[in-house]
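Chain A is the first sequence line, chain B the second, and so forth, proteins listed ahead of strands; every chain is numbered from 1.
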Amino acid sequence: MSEEKVLIMGSGLPGMRASLLLANAGKTVYLVEKLSNIGGDAIKNEESFPKLECSTCMVAPTQQEVLHHPKIKTMTLCKVEKITGKVGKFNVSIKKKARFVSETDCIGCDACFPPCPVSISNEWEENLIDKKAIFVPCPGSLPNVPMINTEHCLHINGKKKECKACVEACMFDAINLDDKDEMIDVEVGAIIIAIGSETYDVSTLSQFGYGNNPSVYTAMEFERLFSSNGPTKGELTLRKTEKEPKSVAIIHCVGREEQGYCSGICCMYSVKHAHFIKHKLPKTKIYNIHTDICVADKTYFNFVENFRDKETKLIYHSSMKDLKVEKNGNGLSVNYLSGLGAKEKLDVDMVILASAMVPGEENKEISEMIGIDLDNHGFFMTKKDMVGSVESSKEGIFIAGCAEGPKDIQTSVIQAEATVSGVMKIFE
Amino acid sequence: MSKVIKIDINSKQGLLDFLEHLLSNNEISGVMSLRKINENGICDYGLITEVDDLKSIEPFAPVMPVNASHILSSITPAKKPIIAIIKPCELRGFVERVKRKQGSMKNIITVSYTCGGVLPLNTFQSDDNEKIVSEYFETIKGTDTPENVRPVCKACEHFIPMTADITISVFGNKDFNSKSCLMMNTEQAIKLSKSYKCEIVEKKMDDKLMDEILKKRKAGKEKLYKEIAITKDGLDEFVDIFGKCIGCHGCSRVCPICYCTLCDFESSNYDYKVDLIENELSQKDGLRLPPDTIFFQLGRLNHMSFSCIGCGQCEDVCPAGIPVSSIFKKVGESTAELFDYIPGKDVEEIIPVMMIKEQEFPEVGE
Amino acid sequence: MKKKIGVYVCECGPNIASKMHIDKILESVKSHNSEDVEIVPIKHKLLCSVQGKKFLEEDIKKQELTHLVVAACSPREHNTTFMNICKKSDLNPYLYKMINIREQVAWVIPDKEKATEKAIQYINGGISRVQYQGELFENKIDAIPDVLVIGGGISGIESALSLANEKRKVVLIEKTDKLGGNSVFYKKLLPRQGAEKDFIAKKIAEVTNNKNIKIHLETELEEILGFLGNFEVTLRNVNNKDNKIEIKIGATIVATGFQLSNPTSFKNVKYKESDEVYTSLEIEKMFSEKGKILLSSGSEPKTVALVHCVGKDEKKYCSQICCNYMMKIANYFKEQSKEIKVKEFYKDLCLPNKDDEKLFRDTEKNGVDFVRIKDIDIQGNEIKYTGINGKNEKTKFDMIVVAPPIEPKAGTKNLSQIIDIPLDEFGFFQEVHQTTNPTGTATDGVFIVGTAQGPKGISNSMLMSQAVSGKIKTQLIPGEKIIPEVKTSEILEAYCMGCKTCLEVCCFGAIYFDEIKGISRVNEALCRGCGNCIASCPSEAIRHKHFTSEQLFQEVIEILK
Amino acid sequence: MANNGAKISFKNGLQNQMRDFLKECMKKGIFDAVVLPVRVPANDSYAWILMNDISIVDQANPIPPVMPVQGAKALKSLTRKGDGILKIATIMKPCEIRATIELAKLSQVNLENITLISYDCPGAIPMSIYNNLSDDMEIFYNDVVSENNFVSEKMKEVCGFCVDFSDVPDDLHFGFTGLENEVYIIPNTGKGNSVLEKLEMKSSENLSQWKKNVADIKKIKSKNRIDIYKQVQPTVDGLDNLQKTYEKCIGCHNCQSACPICYCRQCFFDSTASEQSANTLIDIAEKRGGIGFPRDKIMFQVGRMSHMSLSCVSCGQCMDACPVNIPVAKIFSFVSSKTQNTFEYRAGFSGDEPIPLKVYKDDELSKIHEIVKNAESDGSEHE
Amino acid sequence: MEKKDFTPKIIGFLCNWCTYAAADQAGALKKEISPNFSVIRVMCSSRIDHNLLLTTFFNGADGILIAGCHPGDCHYDKGNYYARRRYALLKDVMKTLNLEPERLELSWISAAEGKKYSEFVNKFSEKIKKLGPSPINESKLF
């Protein structure tokens, strides 16, 4: 039993779920995460639909369990470089990026942040806030150990070799600026790919004016903006003006036509966002501008209907290409074609774009490295012409969660557990 | 003969002065005594640790809101010395509890006094409390027991404390209101009094006087035992007396001897399956519900009567007005005699071992 | 025996050390020394460090501690760490208490004096509490790896197939006389359009021939008792109720599937007033049996209307698959003859899977018209509708196909009572947690899969089955025992009056009633140790093994001193 | 409450009429046994007797002047461990029936084979008074019944303001308020109906007149009730007043052991869990300068209120049992009226209403008025 | 009523999964928390019964806060709903007897709401400080 090992790529909910099931069954799990913290995108949400429950409460216990599990080797800042062999015996080489902070010695006291002279933008927080060159993505992120950004750290990038501010601030000698990347080779019997997805780059769609108008946000940006552990600690104020929006337009299906598929969850989180705003700023006018309302679960339909007209006005528009967001004085105006085909105009202070979920950058790279197929969208594909499968085109390699295609947490978790079934079969 | 502190003020003041001295000099950490809690004379037992508050004590008040032995159990073993002013029967109750490991003598200095008896709660707590109490104290300057005290008190022969460290003469003390004498009976007591500046004489109780009281009390006992019909442990008389018992078990809850957290008679052993009762019914033509009302009393007699110190608390709380304690005292004495055992006489004395065969007693239910 | 309590204060480097006077703390806790308690106060730079752990482990042994109090960071950080150390140095881990003086003292109380006081207060509380804590032990219990699957549809079959092997037998029961459920009627399967009728047939063959799967047709569940790893089940024949089978299994999978709701029950459909109004399933049957879709007259329809979302508003949920299969059906017609004019009436297109949109566009290319409507009314074979543009239209069709909502299979309610799993507001089985545990139920060891849990396609149903099999395979490993929660509730027999209050408030069915003794009992295999039952008991007849009233009282009272 | 009933006129007393009714039922085998109050041998009280011999029924008094043991307790001792084979009937005062219903919800009583019979209750005389002059009280009470006087001064105080003296979910009800030598036998349940059917009694009489009579009495009583509550409120307003009200309390817990609802085998407040170590007590005493005993006087009362006020039926047993005459029952009745109102619950009025603490509603904060308002405003941000 | 030297003693019963986590997060965010507030960790707010609350009051607590997961988020499914009822009942009794019900408080604070936690706790401590010492602690009668 104990000899049986599994590689799991991606530490989002599906990755963690699969890890725990397998580890509890006595398998050794290498949980590889490219970021410095685990938990995936779920922890970026204040609350998740449809039950609107606190995501941290939902995910944190799982994170803790994963980190404390003797059978799970959590490998943050890691990237799989090479995979050879076949089912039952894959040889995996993993590149571990230098963190420069010892995970065993650091106790997460944050003492090293203030002295660091460098400020850089925090992409985990959707660049809504700055962080130091030594940082954790957000308070409460796990493992609670900072990392150093090599290209901005003055000592490491050589701009100011003598700067050791963080080293001096640390009481545990946990920081080692000479830390080096290292290669780790492991041998596993099976592999689960759960690296999730990314979101459509809306700045490429000029019609929404994202980038030019600071009051246009992506859905992810909004999630962080709203989060009580986010950049504004939950204050709903617009960037630049720092005023609270009096009216908000939430635009669904951004990038759907371009991508050629519906992401399945945007309608839900867009209405959720409407509810968030309504709850924090009850006076705000909110509009959800949508095409098809896709509520593909038994409870989703009610979720939307309960907020319709009560908290937000759902407006159908008939043509995506005719939808434009333009500057209008200090605010914005949304122009669209109504169901009747009439030109309509809506003046708002804030626009949120429900951008499509798109395949991760590394998908291609990984698929080639392992030799498994992607579908024509660029998501990982499960066995050809096989209904209801989580196994990739190569035996012993499984796909779970949004790496396989857009889906909600629930379905991701189901897929993750399904991969576990496949993995266990291999070891039987 | 024992050392006696004499002070020329009335007994209460004398004691108070002594206590104030001890407390303010940290000879003791607190005083456990009856105290007034409002103007119309209502008293409770208090553990007092501030000198100023000592003023409120009523050490000799003829009332027993709770049998003090309960309280002593809860505050012992004490880490620092505490003086407890309690009645002779409460003291004996405490001794019985200590024997049962329900309390400890450690750091407890007991002060008791010759007791004229206790007034029933409702008598004492009545509106003309003041009048009643002053009459009481007037009476007990002599050797007569006041008429309105608890029935068992009239029949109590153990009005002289048995194991007190300090004894104060109250019953039969005509100088009660002018002088106070504190008899130091034990080394512990004498050690305490060392630092107390005062006149110390050798003295002992006035045996003649005490015998006289004892005689009267013996007579009182005869009288009481006549009043309550029970001449033998006959069941019919029992049923007559306990017929109105509502089974609230208040008597056992206030009893200083009943120390069980869960009384056997309240345990699941005695909740019967209905078929058992129905079958019982088929043999009798009527069955009392709940079934064990009287059985309980018999059981309790067997469990503890030999240790009954006759404080009368049970009788006072009985909502049905059953002369519980009189009966227990009577039965208790007869059982205790078998082992010539006087409950509460001495901590070292062992409790007479008793076998209980519940089968001996027929299932009750008239 | 004299208690010897180790009080270890972690300086956590500067985090704690710089915020309070550690030595003052160590001094003050000595006040607990008495003839039956000895306190061993010790400080350490960083207890969670490698050296720190080693030191603690050895010191517990060296000092022969009977109890341990560790004052450091939050128990959420390192409780497990120190419990493991206790185990290593054979001190029962439940005789230890962790005090949080970092997150909840050092970091939130700037004033050094106050912080010190606070820490002392907490630690005192811990010292008092730990003395009232008792040893607890894990008790392993045997578990049966075998599984019962209820329902012979595709979900049930997939569950059985993914679980059965030499070491794990599966019992599959089906109410009707054949396997396959609704799916046997589909000519083609979504999402891909390959002719996959044999896919189901293959599956059925596979399950029938699997020697590790025992199939009982025309069989239903009569009774099920027990918990994860140990269920006792009684099955009975549907036609002859006295014909019973009793089996022991470790887990149960509910895969009872769906049926289409009767379209006549919806206000805007006058179904069966014309013979030419069909439900999607009727068409599937016709197509897969006859290979053609014809009018009752036997002639081929010229114009066909496909109406989505019939009764969605009444049911208050979207059935998720209708849009897809209606396009599939549209393509059936087009295959049959390009001439047939097909119009699809829909309100919203629900295309949640990555391949769905493609199907939609292909279907459009295939010449099928899509009409977005606000409202629709089907009267015989005439359709009145209001378009999204607000215009009211009226057209006749040779044939009308409606997509009524998926609803739970008849008998679901009945089963839910037998197996004691609640139903949701729509009558589907209620999962224990929609997002993180969609296949689990309130009873550990009973799982729900496929459309029994809610509307979904074959693919997702099968994935759900595999998900459950993944859980079962990792939780019920053949030959291995299972270890239930240690910190559970327990009934104090002497005091329980059998009022069943605890039984009713327990969310996990972990309390059952002992009819003979007339008292409640805790099933430790199910108890999660929340303590709800304890608070529900007016007397102290239930206690939480690790959160007894005494323990909490001691902590509180000490802190209040 | 049924709208029709059977009417019977009688000559020598209602009690006789009720006894005859029961005997008839026993003869016809409708009941195998009955539970009735019988005067104890010393004649100074009543005891509940389970009897299967028709001849003894005559010794019983279906409407006794006192309530020594709350009837619910008697039934509990009989059926707590399940139902038997005998079909048993009992006649009890309405508050006893209500307590029984509460206990049934707590599985302390099993009503499977029990038929509950009640009547328009004139009240009960306090034990202490009855004990000493039982014979006079018997005569007095007989008159009360025959004159059907429902507002007699001599009764327990709780009876004086008992608005539910007739309104009770019994199987059969003897209604005689405002009637002369007549009584309605009213079937309120299927059980009740079948009894009358077996007796071939038609329950066709319209009850509106009787109901009106009851309503009139109710008016008087509810006025008393308001007055009493008005008078109780200040005596329990704040800790100081509470202490004053309970200063005589000696902690005997008779009120709890006499209470039909307090079904715990051992009250928490008598349990070791509630005990404190000697050191703790002494520390507290030193901190405050002194403490009094029993310490839990107030805590015990508040505790009981939070434990069982939702099920309190205001039968007044606690007050009867109190050796120091604290008006416990009035206070409890007052508090219960509030809590039961908060949870929209009436103790013992229907077997179907679940005990409030056994259930919950998802969104009830608003319903449990401002009590939890704070939680609402601070907490509901995510609801 | 308010005494200069009065430092109230407040007990907070926090559920392990939400509010206790929030308290930790407040620490991580270095939010200042009133030292008068003492945390007792329980697994679920539903563990808190009347006996526990009363014992806490009668042993000198000036205020009590019960805090757990938001309704619907309970780690044990439905626990906090029951907690809410029990709280409501005791609060009602205290209100009826005018035993300063404002000394007993219930709040839902999720694991992510460290900020809310610190604000709420400090606000509550202030309120209690204004209320002054609980009369129970002054009494020499028990």
[X], part contacting chain D, at a heavy-atom distance under 4.5 Å:
X        : answer
C/Ala494 : backbone
C/Phe553 : side chain
C/Cys502 : neither
C/Thr501 : both
C/Leu503 : neither

Is D/Lys287 in contact with chain C via its backbone, its side chain, both, or neither, using a 4.5 Å heavy-atom distance? side chain

Heavy-atom cut-off 4.5 Å, strictly under: side chain, backbone, both or neither for D/Gln266 against chain C? both

Verify the neighbour count for atom [atom1] of [X]: are there more than 12 heavy atoms of other residues, nucleotides or ligands below 6.0 Å?
X        : atom1 : value
C/Lys413 : NZ    : no
D/Tyr360 : OH    : yes
C/Lys114 : NZ    : no

Largest heavy-atom contact set with chain C, pairs under 4.5 Å, which of D/Glu275, D/Met308, D/Gln108, D/Lys105: D/Gln108

Shorter than 4.5 Å, heavy atoms on both sides: which option in D/Cys267, D/Cys264, D/Gly82 has the most such pairs with chain C? D/Cys264

C/Glu504 and D/Val359, any side-chain heavy atoms less than 4.5 Å apart: no

Could you state the interatomic distance from [atom1] ([X]) to [atom2] ([Y]), rounded to the nearest 0.5 Å?
X        : Y        : atom1 : atom2 : value
C/Ser539 : D/His307 : OG    : NE2   : 8.5 Å
D/Gln276 : C/Gln554 : CD    : CD    : 8.5 Å
C/Leu560 : D/Asp283 : CG    : CG    : 12.5 Å
C/Glu540 : D/Ser271 : CD    : OG    : 5.0 Å

Distance-minimising heavy-atom pair for [X] and [Y]:
X        : Y        : answer
D/Thr272 : C/Glu550 : OG1-OE2, 4.4 Å
C/Val505 : D/Leu357 : CG1-O, 3.9 Å
D/Tyr263 : C/Met497 : O-CE, 3.0 Å

